[in-house]
Amino acid sequence: MSSPLRSQDWFGRKDKLGFIHRSWMKTEGFSDSVFRNKPVIGICNSWSELTNCNAHLRQVAEAVKRGVWAAGGFPLEFPTISLGEPFMRPTSMMFRNLMAMDVEESIRANPLDGVVLLCGCDKTTPAQLMGAASAGLPAIMVTGGPMLRGMWRNQPLGSGTDVWHYWDELRAGRINEEEWCELESCMSRSTGHCMVMGTASTMTSLAEAMGMTLTGCASIPAADSRRNEIAERSGARIVAMVRENLTPDKIITRKSIENAIRVNMAIGGSTNAIIHLKAVAGRLGIDLPLRLYDEISNITPVIANIRPSGEYLMEDLFYAGGVPAVMKQIESMLHPDALTVTGKTTAENIASAKCHNPDVIRPLDNPLQTEGGTVILYGNLCPDGAVIKTSAADPRLMRHTGRAVVFEDHEDFMARYDDPTLEIEETCVMVLKNGGPKGGPGMPEYGNLPIPAKLLKKGVSDMVRISDSRMSGTSYGTVVLHVSPESAVGGPLWAVRNGDEIRLDVENRRLDLLIDDHEMNRRLRLFKPRAPHYDRGYGRLFIDSVLQADQGCDFSFLVQSEKRDENGDYAEGTRAADKLPLAF
Ligand code: FES
């Protein structure tokens, strides 16, 4: 027999509180029948007109409600803060943890038995996964889906990726202002999130790979009617999950996270996923050392031919079979027994998956790249690690030594990078400081530093660039990111000076400043922190509590302190779900 519904402690009471809970709910016109032992399903909606990628999620929520009602549940939609990638300053990343806290506490505080998470734009997916993992109630994710492919003069256009490409073309004088304006309207022509394998498509694909969505959810275009169909089925499924008490800690395990990392490598996914997966895993006490990404990357080929690593777009991935077909190709490398929201294992979910276009989803004997798309570097410049997305970088720069051209912060960079007097050539290494979690603040996506126009005009298309910031998943180039510890806390990046030599050696996983230890220590002893960006409010909380990139940039006080063993059991104490207070 299943345990009593949590919501009945609000709606099933015979006392004064029960009267209040039911009576006030009746202001919305519900009849008594909804209070009679129906699972109450929260629909956690990140809809916002300020988050264009999620602006269609009210319609998706209606489809979820149909499924919940049909399965005998009682759906209640609620908003949280939403994070629109193009608009938020200083960066949406600064608010990921705020949204995760909002999601967690909204679930915990209300009379819910289960929750459907509606997301899409970059940070909304990890924020919901983090919050739902900490809250501990049964949860299923419905992603909003990618936009239809952009088209310009019969050429497909990818969100972000082609902005960077054509911006360089404009600055190099190869397209004109009129063409640039025309491109603007041709790129984003439907609802949905960015339709390259940027952070949004990566995180929604990984949510599917780790078993938090129904099979095939991630790649259905937002504008396709099947988006609402899978939303309806997800609404029905969460009602059953409540009865099964299928909580996130049973789905998000070491095995399922490893499956997600594996899929991230196979799809040439965003470097941002490294930070977000670390943060999600941390909410459930799963230790995820940075080296694990590299170990998995080393033996996982890139097989999804999607921009920015490849040629096609998410719509093409959908027609080719979507994430299930990618997972089918690498099935032998996955943990087949990882449990998912379907109640079935990963292997059962993808049993009938097929690839319908071997140029979009390549077979293992014809990959886009034989090793995974992301490499973790160590060295005296990044003792706690750094990241490079090799699948989107120039192979000729994978072993490179060059003269450092240093920018102290983003403002300094913007002021000088196109200055014709800047002493820079294509063999130089561009270094940006103060772009990390505390220094940015919020670790903005500064990392893909634009190449100076005078070099673009000479035909230079890539250079080595190094920073402690992040890069948009839609970007490309030989860009070393997430250097840890960051320069703002006195990491070695702070010690780099103009004219120093820096060596990047991807094969040996090294990034080094070519000075000896004595000189490095001498310079680091001179470190003086800058004044913090904030002295009050959320900004102050962020600066005081944010962890470094290699720790997932979560707040130190939000990480689950109880560690889980290989079997997923907590070493001591109680599970997150058991800590939920029932009522006031
Ligand atoms: Fe929302 Fe790219 S701006 S996913």
Side-chain angles (χ1 to χ4, degrees), residues 45-58 60 80-96 99 117-129 141-150 156-167 183-208 213 217-224 227 264 267-273 275-276 306-309 313-315 317-318 323 389 392 442-448 470-476:
N45 201 340
S46 58
W47 167 89
S48 166
E49 287 181 340
L50 285 167
T51 307
N52 55 282
C53 306
N54 298 14
H56 62 302
L57 291 183
R58 297 297 308 277
V60 176
T80 64
I81 181 177
S82 187
L83 309 177
E85 195 64 25
F87 303 132
M88 296 189 82
R89 294 181 181 173
T91 163
S92 64
M93 182 61 182
M94 193 157 147
F95 306 103
R96 183 201 62 179
M99 180 170 171
L117 307 163
L118 303 189
C119 61
C121 198
D122 289 15
K123 309 302 180 297
T124 57
T125 305
Q128 288 189 339
L129 288 172
M141 182 162 263
V142 180
T143 59
M147 294 179 223
L148 298 173
R149 66 169 83 85
L157 288 178
S159 328
T161 304
D162 279 308
V163 179
W164 326 134
H165 170 69
Y166 284 107
W167 175 237
L183 279 158
E184 183 179 299
S185 302
C186 297
M187 184 163 289
S188 311
R189 64 187 181 95
S190 80
T191 53
H193 59 70
C194 292
M195 66 345 223
V196 297
M197 193 55 81
T199 304
S201 300
T202 299
M203 288 311 301
T204 53
S205 297
L206 301 195
E208 180 174 336
T213 74
C217 184
S219 62
I220 304 170
D224 193 298
R227 172 63 46 199
N264 189 36
I267 61 179
S270 165
T271 46
N272 288 321
I275 293 175
H276 298 319
I306 309 295
R307 297 181 199 187
S309 302
L313 296 165
M314 288 300 288
E315 194 178 338
L317 181 69
F318 175 56
V323 173
K389 184 172 179 175
M443 212 179 172
E445 292 182 336
Y446 294 153
N448 183 32
R470 297 176 302 115
M471 156 172 109
S472 164
T474 63
S475 298
Y476 52 87

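Read the numbers this way: they start at 1 and go in the same order the structure lists the ligands and their atoms.
Counting only protein N, O or S atoms, the number found under 2.8 Å from atom 1 (Fe) of ligand 1 is 2.
Partners of Thr191 under the side chain to side chain donor-acceptor pair (under 3.5 Å) rule, at least two apart in sequence or in another chain, do not exist in this structure. Not counting sequence neighbours, the partners of Ser188 by the side-chain contact (heavy atoms from CB on, under 4.5 Å) test are Met147. When the side chain to side chain donor-acceptor pair (under 3.5 Å) test is applied to Arg189, no partner is found at least two apart in sequence or on another chain.
The two residues Val196 and Ser159 come nearest to each other via the heavy atoms CG2-O, 3.4 Å. In terms of heavy atoms, Cys194 sits closest to Ser201 at O-OG, 3.1 Å.
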### side-chain contact (heavy atoms from CB on, under 4.5 Å) assessment of Met93 paired with Ile275
CA-CA 11 Å; Met93 182 61 182; Ile275 293 175; 3.8 Å; yes

